[in-house]
Amino acid sequence: MLFEVTSDRQWEPLMFNEETMLIYAASEAGARARAEEAAKEKEVTYPNIDGENVTWRFQRLVDIRETLYEDLSQDVDLYSRSFERLEPYEELFPAAELDGT
């Protein structure tokens, strides 16, 4: 789920948030409907510590995928995606942020 996060102060650049949610459904269409419903329920406006209103707005579903494994009672990979270019990924997720340095 992709959300746009805005405030009264109009942050530059804009902020976005991506969330991955485990949905139980019998079909992809059912999963899509439940995910969209859940995302719309997450839309919210609240005052931050500075008294500015912060708003989370659902933008779109990024992806719907089956889990890689059916047995979720133990540690398993839930989701995987591949991409062709590393540079855009590194722009979004600098290595220092990922490895904690």
Which residues pass the side-chain hydrogen bond (donor to acceptor under 3.5 Å, both in side chains) test with [X], sequence neighbours left out?
X     : answer
Thr6  : none
Glu52 : Arg9, Asn48
Thr67 : none

Partners passing salt bridge (Lys or Arg N to Asp or Glu O under 4.0 Å) against [X] (at least two apart in sequence or in another chain):
X     : value
Glu66 : none
Glu4  : none
Arg57 : none
Asp8  : none

Worksheet item: Rounded to the nearest 0.5 Å, how far does OH of Tyr46 lie from CG of Asn53?
Response: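 It is 10.5 Å, given to the nearest 0.5 Å.
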Worksheet item: Taking atom CD of Glu36 and atom CE of Met1, what is their separation to the nearest 0.5 Å?
Response: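 So the CD of Glu36 and the CE of Met1 are separated by 10.0 Å.
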According to side chain to side chain contact (heavy atoms under 4.5 Å, CB included), who are the partners of [X], at least two apart in sequence or on a separate chain?
X     : answer
Glu41 : Glu37
Val5  : Trp11, Met15, Asn17, Val54, Trp56
Arg85 : Glu87, Pro88

Let me check something: any side-chain donor-acceptor pairs from residues 22-35 under 3.5 Å, sequence neighbours excluded? List them with distances.
| residue | atom | partner | partner atom | Å |
| --- | --- | --- | --- | --- |
| Ser27 | OG | Gly30 | N | 3.0 |
| Arg34 | NH1 | Tyr24 | O | 2.2 |

Discussion item. For Tyr69 versus Val76, what's the shortest heavy-atom pair and its separation?
Written reply: CD1-CB, 3.8 Å
Worksheet item: Phe58, Met21: one ILVMFWY side-chain cluster at the under-4.5 Å cut-off?
Response: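 Yes, because Phe58 and Met21 connect within a single hydrophobic cluster, where side-chain heavy atoms sit under 4.5 Å apart.
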Discussion item. Quick check: is Phe3 connected to Ile64 through a chain of hydrophobic side chains (ILVMFWY, heavy atoms under 4.5 Å apart)?
Written reply: yes
Worksheet item: Which residues satisfy the ring-ring contact (aromatic ring centres under 6.0 Å, His included) test with Phe83, sequence neighbours excluded?
Response: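 Phe83: ring-ring contact (aromatic ring centres under 6.0 Å, His included) contacts with Tyr89.
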